[in-house]
2 protein chains.
Amino acid sequence: MDQNSLPPIQTTARDDAVLKALVGFVRAEALQPGERLPTERILAERLKVSRNTVREALTRWEGLGLVERRQGSGTYLKAAVSHDMLHMPLTLAGGNDFTSLMQTMEIRRALEAEAAALCAERASQADIAEIARKLDIMEQAFRTRDGMSSEEDWEFHQAIYRASGNPLFEQIIAAMYELFHRFWEHPLGVRDFGHASFPYHRTIYEYIAARDPQGARAEALKLIATVEDDLKRGAAKLKLSSHT
Amino acid sequence: MDQNSLPPIQTTARDDAVLKALVGFVRAEALQPGERLPTERILAERLKVSRNTVREALTRWEGLGLVERRQGSGTYLKAAVSHDMLHMPLTLAGGNDFTSLMQTMEIRRALEAEAAALCAERASQADIAEIARKLDIMEQAFRTRDGMSSEEDWEFHQAIYRASGNPLFEQIIAAMYELFHRFWEHPLGVRDFGHASFPYHRTIYEYIAARDPQGARAEALKLIATVEDDLKRGAAKLKLSSHT
DNA sequence: GTGGTCCAATGGTCCAACCAATTTCTGCAC
DNA sequence: GTGCAGAAATTGGTTGGACCATTGGACCAC
C-alpha cells in the first residue's frame with residue numbers, strides 16, 4: 001500500500017516527494033524512533049528515483065535531526081515524523097566561547113527543570129523503572145571509573161526527557177548537547193567535572209518516583225547549578241593557566 | 001571527560017570539511033546575505049571533491065536556512081555564517097492538533113519561568129523601567145479594548161527575555177511564537193483568551209523589581225498555567241461543537 | 001567461550017553524463 | 001540604434017553505475 005501510493009509526479013521537487021513517500025511509509029509500517037528504515041538502494045528502487053535523490057532527501061532529514069545514518073549499518077529513525085511537521089531551524093552565531101556556553105546552559109536549566117517536573121507528573125511505572133535502571137548503570141560506572149560516567153549520565157537524563165511525554169525536550173537538549181561536546185573536546189583540565197552533580201541524580205529520581213513535581217524541579221535546578229559552577233571554575237582555571 | 005580521552009577519530013567527514021571551507025570562503029570574500037556563491041562545479045573542482053559531496057553539504061545549509069538555491073541561477077547566501085554556529089533544528093510534529101500545541105506550551109513554560117528568574121537576578125534599572133512601561137501599555141490596552149491586548153502582551157514578555165541577559169530565550173520563544181500564530185490564526189472561539197493570565201503580568205513584574213528570582217519563576221509558571229487552562233477549555237469547547 | 005578471519009550489507013564518495021530552469025547573447029526585423 | 005524572439009551558455013537537479021570504508025554477523029581454529 002505504501003509504494004503504490006507513489007504518484008507519477010515527474011516535475012521538480014523530487015526529493016521532497018521522496019520525503020513525503022517516506023512519511024507515508026513510516027506511518028504505514030508504524031515505525032518507532034530507533035527502528036531502521038529501508039536502505040537507500042531499496043528506497044531508490046521502490047520510489048523509482050536515483051539513489052542520489054534519496055540521499056539528498058535523507059540528508060535533509062538528517063539535518064533536521066529526524067534520522068541518523070550509520071555507515072555500514074543503516075539509517076535509523078530518531079524522532080516521530082508526520083505529514084504536517086513544522087521545521088524551525090535555529091542557527092545562533094557564536095558557540096565556542098564561554099559566554100555562549102553558559103547561555104546554552106541556562107536554556108538547559110530551564111528545560112531540565114520542567115522535564116523533571118513533567119516526568120514526576122506523568123511517568124508510567126515502566127518509565128520510572130527505566131529511569132531507575134539508567135541511574136543504577138550510571139552510579140556503577142561512576143564508581144568503577146572514578147567519575148567518568150558522562151555517557152551513562154546522558155542516558156539517564158534522556159530517559160527523563162522521554163518519560164516527560166514531550167519529545168521536544170529531548171530534541172532541544174540533544175541539539176545543545178552536541179554543542180557542549182564540541183566545546184569540551186579541547187582538553188582543558190577539569191578532570192573532576194560532574195563530580196558535584198552526582199548525588200542529585202538520585203534525589204531527582206526519588207522525587208520523580210514519589211510523584212513530586214515541585215521537588216523534582218528544585219533538584220534539577222540544583223543539579224544544573226553544580227554543573228554551571230564546575231564550568232565557571234574550569235573557565236577560571238583555564239584563563240589562569242593561559243596567562244602563564 | 002571519558003570520550004575525549006579516546007581518539008575521536010573520524011576518517012570521513014568530507015561534506016563537513018566542505019562546509020568549513022565554505023565558511024572560510026565567505027569570510028575571505030566578505031560575502032553578504034543575498035550575494036551569490038561559487039558554482040557547485042567550481043566548488044567541486046576547487047575543493048577537490050565530487051560535485052555530489054558539494055551538493056550534500058549545500059543541502060545541509062539549505063535545510064538550515066543559510067543558503068537558497070535557484071535552479072539555472074545559482075546558490076545565494078541567505079544569512080551570515082561564521083565558523084562557530086550553533087544549529088538547533090526543531091521539528092514540531094503537527095501544528096493543528098491540540099497535543100503539539102500543548103507540547104510547545106510546555107517548552108514555553110520552561111523558558112518563561114527561567115527567563116523571569118534570570119531577569120529578576122540581572123535586570124538593570126533601565127531594563128526594569130522598560131518592563132514597567134510595557135506593562136502599563138499592556139494594561140491600558142487590555143482595559144480599553146476589553147482583553148484584546150495580545151500584541152502588547154507579547155511585547156511585555158519580550159522585554160523580560162531581553163532583560164534576562166541571554167538572547168537565546170528571545171530567539172527560541174520568538175520562533176515558537178511565529179509557529180503559534182501561523183497555525184492558530186483561526187480564532188477558534190476562545191474569545192476571552194488570555195483574560196485569566198492578565199493579573200499575573202503585574203505580579204511577575206513586582207517580583208522582578210523586588211529582585212526575587214524564586215517568586216518571579218513561580219508567578220511565570222502560574223501565568224502559563226492559566227494560558228494552558230484556557231487552551232484546554234477552548235479545545236474542549238471546539239470538540240463539543242464539532243460533535244453537533 | 002575467545003579470538004580471529006571472512007564476507008555480505010550499507011552508507012559515503014566519485015564520475016560522467018543528461019534534464020530543466022534561468023540567464024545571457026545573438027541576430028534579425030524595424 | 002532599438003526591440004525582441006530564439007539560440008546558446010550557465011547552473012542547479014537527476015540519473016545510473018562504480019568503488020571505498022565501516023559495520024555486523026557467520027564461520028572457524030584454538
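Worth knowing before you read on, the calculation uses all heavy atoms, side chains too, and leaves out hydrogens, waters and symmetry mates. Everything quoted here is computed from the prediction, not taken from an experiment. Just so we're on the same page: letters track the sequence lines, and every chain starts at 1.
Checking D:dT11, C:dT10, C:dG12 against the side-chain heavy atoms of B:Thr39 singles out D:dT11 as nearest. Candidate nucleotides C:dC14, C:dT13, D:dT14 were compared by shortest atom distance to the side chain of B:Arg51, and D:dT14 ranks first.
Nucleotide D:dT14 holds its P atom 16 Å from the CG atom of A:Leu43, rounded to whole Å. Separating the CZ atom of A:Arg41 from the C1' atom of C:dG12 is a distance of 10 Å, rounded to the nearest angstrom. Atoms CG (A:Leu58) and P (D:dT14) sit 14 Å apart, rounded to a whole Å. The distance from atom CD1 of B:Ile42 to atom C1' of D:dA9 is 14 Å, rounded to the nearest whole Å. With rounding to whole Å, A:Asn52 atom CG is found 9 Å from D:dG16 atom C1'. The CG-C1' distance, from B:Asp16 to C:dT13, rounds to 15 Å in whole Å. At whole-Å resolution of the value, CD in B:Glu56 and C1' in C:dG11 are 10 Å apart. Atom CD in A:Gln71 sits roughly 18 Å away from atom P in C:dA8 (whole-Å rounding).
Using a 4.0 Å cut-off between charged nitrogen and carboxylate oxygen, A:Glu62 and A:Arg60 do not count as a salt-bridge pair. Salt bridge status for B:Glu114 with A:Arg217: absent, with no side-chain N to carboxylate O gap under 4.0 Å.
By the side-chain hydrogen bond (donor to acceptor under 3.5 Å, both in side chains) test, A:Arg51 pairs with A:Glu40, sequence neighbours left out. In this structure B:Arg41 satisfies the side-chain hydrogen bond (donor to acceptor under 3.5 Å, both in side chains) test with no other residue, sequence neighbours excluded.
At least one side-chain nitrogen or oxygen of A:Arg55 sits closer than 4.0 Å to the OP1 or OP2 atom of C:dG12. OP1 or OP2 of D:dG13 sits under 4.0 Å from a side-chain N or O of B:Arg69. For C:dA9, the OP1/OP2 oxygens have no side-chain nitrogen or oxygen of A:Ser73 closer than 4.0 Å. The phosphate of C:dC15 has neither OP1 nor OP2 within less than 4.0 Å of any side-chain N or O from B:Ser50. Between B:Thr53 and C:dC14 there is a side-chain N or O to OP1 or OP2 distance below 4.0 Å.
Taking 4.5 Å as the limit, some side-chain heavy atom of A:Leu64 sits within range of a side-chain heavy atom of A:His87.
Residue contacts shown for B:Arg70 are limited to sugar-phosphate atoms, with no base heavy atom under 4.0 Å away.
Heavy-atom nearest nucleotides on DNA chain D were determined for B:Glu62 and for A:Tyr76, and the one closer to the 5' end corresponds to B:Glu62.
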